[in-house]
Amino acid sequence: MTKEKKNKPSKDLPLGFVDRQEKELLVRDFIISNIKEVMIKYGFQYLETPSFEYSDSIGKFLPDKDRPDEGVFSFKDENKWLSLRYDLTAPLARYVAKNYLEIAKPFKRYQLGTVWRNEKPGPGRFREFMQFDADFVGTKSLQADAELCVMVAEILEKCSLSKSDYIIKISSRKITEELFKKLNINDNQKKLTTLRALDKIDRLGWEGVKQLLGKGRKDKSGDFTKGANLNSQTIETIEKELKKNSPESDDLKEIIDIFKNYKFNNFEFDPSIIRGLEYYTGAIFEVNLRFDVKNNKGKVIQFGSIGGGGRYDNLVSNFGNYDAPATGISIGLDRLVYALMQKKEFKIKQTKPVVIIVFDKNFMKEYINIQSLLREANISSEIYPAESKLKKQMEYANKINSPAVILYGEDEIKSGKPTLRNLSTGEEKSIEIKELINEIKKII
RNA sequence: GCAGCAGUAGCUCAGUUGGUUAGAGCACUAGUUUGUGGAACUAGGGGUCGGUGGUUCGAAUCCACCCUGCUGUACCA
C-alpha cells in the first residue's frame with residue numbers, strides 16, 4: 001500500500017497465465033506420484049525434452065494445416081524460428097526420428113511437462129499448463145491402444161475417482177473416413193468443417209450440429225457461425241450413421257475385445273469424438289468427467305475433456321527416414337486438478353509446522369534444542385521467525401493453520417516442562433521434554 | 001478472432017434524473033488484555049471510482065475510443 005503510484009510496474013499477469021498456490025500444487029503432486037507409479041508398473045520410460053523446439057520440428061506437422069502458425073508462442077533467434085512446445089507428442093516424434101537407431105522399438109515413453117498454447121483461456125484452461133503424455137512408438141498392435149486406455153483409467157482411479165466419475169470414449173478416424181467416401185465428400189475444406197461440427201455434439205446436441213452441417217448457426221450472444229453447406233439428405237445420412245451405437249470398424253472391434261481381456265468396461269463408443277483433425281489415423285480416445293464442474297461463482301460450466309489421444313501412424317515418418325506407427329494418450333493435469341478439488345470428498349493433507357514461541361531471545365538455545373528434537377522425529381516445526389509479542393505469534397500460528405504451539409518461557413524453563421497448546425481445541429498441557437514428541441504426534 | 005455483459009478499497013458489493021470531503025461488510029493495523037490465536041468492542045490505515053479524451057460551472061454517474069475480466073462462440077495439437 002504505497003502512496004507513490006506512478007510508473008510502478010504492473011502486478012497483473014499476462015492473459016492466461018496464473019500463479020499456482022500450494023493447495024493446488026499438492027493436488028498436482030498427488031496426481032503426478034500416482035502417474036509415476038502406474039507408469040513404472042506398465043513399463044514406460046521417463047523422458048524429458050526441452051520447452052523450445054525449432055518451429056519446423058513441431059510446427060510443420062501441425063495437425064491443423066489451416067492455420068499452421070497460430071496457437072503457438074514463437075520468436076526468431078538468429079534467423080531460426082523457435083516455438084514453445086504446444087504438446088508433448090510432437091517433440092516425441094522429433095525425438096524418435098532423431099534417435100531412431102538407438103532406441104528399442106516399440107518405444108514406450110512417458111513425459112510430464114509444461115506446454116504453452118497461444119489461444120483463449122477458459123475456466124480451468126490456461127495458456128501455460130502441465131500435461132502428462134504416454135505413447136507407444138513403433139507398433140501397429142492395437143494392444144497398445146487398448147492398454148493406454150486401461151492405464152489412464154487406473155491412474156484416474158488411483159486419484160480417487162470412481163467409475164461413475166469418468167468415462168473413456170472411443171471412436172476411430174476410419175469411421176468418418178468411410179462415411180466421407182460413402183457420401184462422396186472429397187473436398188478437404190468440407191471434410192474439416194464437417195468434422196469440426198461433429199465435434200460439438202456434446203455441447204450443442206444434434207440440433208446445433210445439423211445447423212452447422214447446413215447453413216450455419218447463431219449462438220446465444222447472437223454471433224453467427226458459417227456451416228458446411230451440406231444438403232439435407234447428406235446431413236440425415238450422417239446423423240443416422242453416427243447414431244449407431246456399436247462400432248463398425250475393425251480396429252475398434254479388436255480394441256473392445258482386448259478391453260474384455262482386461263475386464264475394462266468403463267468406456268463407451270462415441271462416433272462424435274473427433275480430436276486432432278489431420279493428425280490421427282485410427283483409433284481415437286477422449287477422457288471425460290461425468291460430474292459437474294463449477295467456476296468460482298458456483299456456476300456449472302462447460303468443462304470439456306481432461307484428456308485424449310489416439311493413433312498417429314504418420315507423425316514420425318514425416319521427418320523422413322523412418323516409418324514408426326504410434327499411438328498415445330495425454331491428460332491435462334491442471335484441468336484434472338481443477339476438477340478434483342471440487343469433489344467434496346477429496347482432501348489432501350497439508351503438513352503445517354508446529355510453532356515454537358519465542359519469549360526472549362536469551363532462551364534461543366532452549367528453542368533450538370526443542371526444534372532439533374522435533375526435526376529428528378521428522379516433525380515439521382519452526383521457531384517463530386521474528387521478534388514479536390506473544391499475541392502476534394499466536395495469531396501467526398493460527399493463520400498458517402499450525403496444529404500446535406510450544407510455549408517455553410521463564411516459568412516453564414524453571415520447571416523444565418514446556419507447555420503444548422493444541423490450536424484446534426485450545427487445550428494446553430505441561431509436558432516433560434522427552435514426552436513432547438509423543439504428545440505432538442497425537443495432535444498432528 | 002467474433003458477440004453479449006461487466007470493471008468503485010486486498011475481497012464481495014452499495015452508490016446515476018450529474019452537485020460539498022465516495023460508502024458498507026469482510027480482511028488489514030493498533031488497542032481493550034505488557035504470557036496466549038479463532039469471539040466481541042473501540043480507534044485507524046487503505047480509493048486519482050479500469051485508462052485516455054470529450055460534454056459541463058461541476059463527472060464514479062453522460063458521450064467516444066482503448067484496456068482488462070466474465071460468459072457464449074470460433075479455433076483447439
Side-chain angles (χ1 to χ4, degrees), chain A residues 1-3 5-6 10-16 58-68 70-72 83 85-93 115-123 125 127 131 133 192-193 195-197 199-200 203-204 208 212 216-227 274-280 284 295-297 299-302 304-305 307-310 312 315 328 330 332 355 357-360 384 388-413 419-428:
Chain A
M1 266 160 255
T2 48
K3 293 218 165 131
K5 291 240 158 110
K6 278 165 196 165
S10 170
K11 297 183 280 287
D12 296 340
L13 289 166
L15 177 67
I58 54 166
K60 208 180 215 170
F61 313 117
L62 277 172
D64 185 358
K65 285 174 186 155
D66 258 9
R67 328 155 49 190
E70 295 206 33
V72 296
S83 296
R85 63 184 177 206
Y86 53 84
D87 75 357
L88 299 174
T89 311
L92 170 67
V115 302
W116 295 264
R117 293 184 189 178
N118 189 358
E119 57 188 29
K120 190 198 152 183
R125 200 172 179 186
R127 289 176 142 184
Q131 252 191 0
D133 191 275
L192 279 178
T193 316
L195 288 174
R196 282 174 187 148
D199 198 25
K200 296 172 179 65
R203 259 196 353 241
L204 309 178
L212 285 173
R217 174 180 180 270
K218 201 185 250 189
D219 72 40
K220 261 198 226 162
S221 67
D223 192 25
F224 187 78
T225 312
K226 269 196 282 182
I274 301 297
R275 311 293 307 170
L277 297 175
E278 292 188 21
Y279 185 99
Y280 292 119
I284 41 188
N295 66 10
N296 57 10
K297 286 182 179 151
K299 196 186 155 203
V300 175
I301 48 170
Q302 278 297 340
S305 69
Y312 51 100
L315 205 61
S330 41
V355 175
I357 301 292
V358 176
F359 285 86
D360 192 316
Y384 185 79
S388 267
K389 289 197 238 182
L390 178 54
K391 181 173 173 155
K392 275 288 277 240
Q393 302 188 44
M394 295 298 294
E395 279 173 352
Y396 169 80
N398 184 50
K399 190 154 189 184
I400 65 165
N401 281 318
S402 164
V405 297
I406 292 169
L407 300 150
Y408 203 41
E410 210 168 344
D411 302 345
E412 287 91 347
I413 287 173
T419 302
L420 179 66
R421 183 182 176 92
N422 180 329
L423 284 181
S424 52
T425 62
E427 186 193 352
E428 257 175 29

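Worth knowing before you read on, the calculation uses all heavy atoms, side chains too, and leaves out hydrogens, waters and symmetry mates. Computed from a prediction, not measured in an experiment: that's the story for all the values here. The chains referred to below are lettered A, B, ... by the order of the sequence lines, with proteins before strands, and numbering in each begins at 1.
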- [ ] Take atom C1' in A60(B) and the same atom in U21(B), then report the distance between them in whole Å.
- [x] 15 Å
- [ ] Quick one: label Leu92(A) by what it contacts on the DNA or RNA (base, sugar-phosphate, nothing), any heavy atom closer than 4.0 Å.
- [x] nothing
TODO: Starting from P on C76(B), measure out to CD1 on Ile284(A) and report it in whole angstrom.
DONE: 13 Å
TODO: For Thr89(A), report the nucleic acid contact type (base, sugar-phosphate, nothing); a contact means any heavy atom under 4.0 Å.
DONE: nothing
TODO: Go ahead and name the base partner of A3(B); Watson-Crick or wobble counts if both distances stay under 3.5 Å, otherwise write none.
DONE: U71(B)
Open item on the list: Does a side-chain N or O of Arg117(A) approach OP1 or OP2 of A77(B) to a distance below 4.0 Å, or not?
Closed with: no
- [ ] Using the P atom as the reference point in each nucleotide, state the distance between C67(B) and U52(B) in Å, no decimals.
- [x] 15 Å
Task: Below 4.0 Å: OP1/OP2 of U71(B) and any side-chain N or O of Lys120(A) - done: no
Open item on the list: Give me the distance, rounded to whole Å, that separates U56(B) from U61(B) when you measure between the P atoms they each carry.
Closed with: 16 Å
Open item on the list: Counting the atoms with a prime plus P, OP1 and OP2 as sugar-phosphate, which does Lys226(A) contact under 4.0 Å by heavy atoms, base, sugar-phosphate, or nothing?
Closed with: nothing
TODO: Could you please name the partner base of A64(B), counting Watson-Crick and G-U wobble pairs only when both distances are under 3.5 Å?
DONE: U52(B)
Open item on the list: Tell me every residue that passes side chain to side chain contact (heavy atoms under 4.5 Å, CB included) with Ser330(A), counting only those two or more places apart in sequence or in another chain.
Closed with: Gln131(A), Asp133(A)
Open item on the list: Does the structure show a Watson-Crick or G-U wobble partner for U17(B), both distances under 3.5 Å? Name it, or say none.
Closed with: none
TODO: Report yes or no: does Arg127(A) contribute a side-chain atom to a donor-acceptor pair with the main-chain N or O of Glu119(A) at less than 3.5 Å?
DONE: yes
Task: Donor-acceptor pair between Thr419(A) and Glu428(A) side chains, under 3.5 angstrom - done: no
TODO: Could you state the atom-to-atom distance from NZ of Lys218(A) to P of G4(B) in whole Å?
DONE: 12 Å
Task: G35(B) pairs with, by Watson-Crick or G-U criteria that keep both distances under 3.5 Å - done: none
Collect all protein-nucleotide pairs involving nucleotides 34-37 of chain B in which both atoms are nitrogen or oxygen and the distance is under 3.5 Å.
from, atom 1, to, atom 2, distance (Å)
G35(B), O6, Glu410(A), N, 3.3
G35(B), O6, Asp411(A), N, 2.9
G35(B), O6, Asp411(A), OD1, 3.4
G35(B), O6, Asp411(A), OD2, 3.1
G35(B), N1, Glu412(A), OE1, 2.8
G35(B), N1, Glu412(A), OE2, 3.3
G35(B), N2, Glu412(A), OE2, 2.5
U36(B), O2, Arg421(A), NH1, 3.3
U36(B), O2, Glu428(A), OE2, 3.1
U36(B), N3, Glu428(A), OE2, 2.7
U36(B), O4, Glu428(A), OE1, 3.4
G37(B), O2', Asn398(A), ND2, 3.1
G37(B), N7, Arg421(A), NE, 3.2
G37(B), N7, Arg421(A), NH2, 2.7
G37(B), O6, Arg421(A), NE, 3.1
G37(B), O6, Arg421(A), NH2, 2.7
G37(B), N1, Leu423(A), O, 2.6
G37(B), N2, Asn398(A), OD1, 2.9
G37(B), N2, Leu423(A), O, 2.5
G37(B), N3, Asn398(A), OD1, 3.2

Open item on the list: For U73(B) and Arg203(A) - does any side-chain N or O of the residue sit under 4.0 Å from the phosphate oxygens OP1/OP2?
Closed with: yes
Task: Mate of G44(B) where both pairing distances stay under 3.5 Å, Watson-Crick or G-U - done: C28(B)
- [ ] Using side-chain hydrogen bond (donor to acceptor under 3.5 Å, both in side chains) as the criterion, list what pairs up with Tyr408(A), not counting sequence neighbours.
- [x] none
TODO: Check side chain to side chain contact (heavy atoms under 4.5 Å, CB included) between Ala397(A) and all other residues, then give those that pass, not counting sequence neighbours.
DONE: Val355(A), Ser402(A), Val405(A), Leu423(A)
Task: Spacing between Arg196(A) atom CZ and C76(B) atom C1', to the nearest angstrom - done: 9 Å
Open item on the list: Between P on G38(B) and NZ on Lys392(A), what's the gap in Å once rounded to a whole number?
Closed with: 13 Å
Open item on the list: If the condition is ring pair (Phe, Tyr, Trp, His ring centres under 6.0 Å), which residues does Phe359(A) pass it with, not counting sequence neighbours?
Closed with: none
Task: Residues forming a side chain to side chain contact (heavy atoms under 4.5 Å, CB included) with Ser388(A), sequence neighbours excluded - done: Tyr384(A), Lys392(A), Gln393(A)
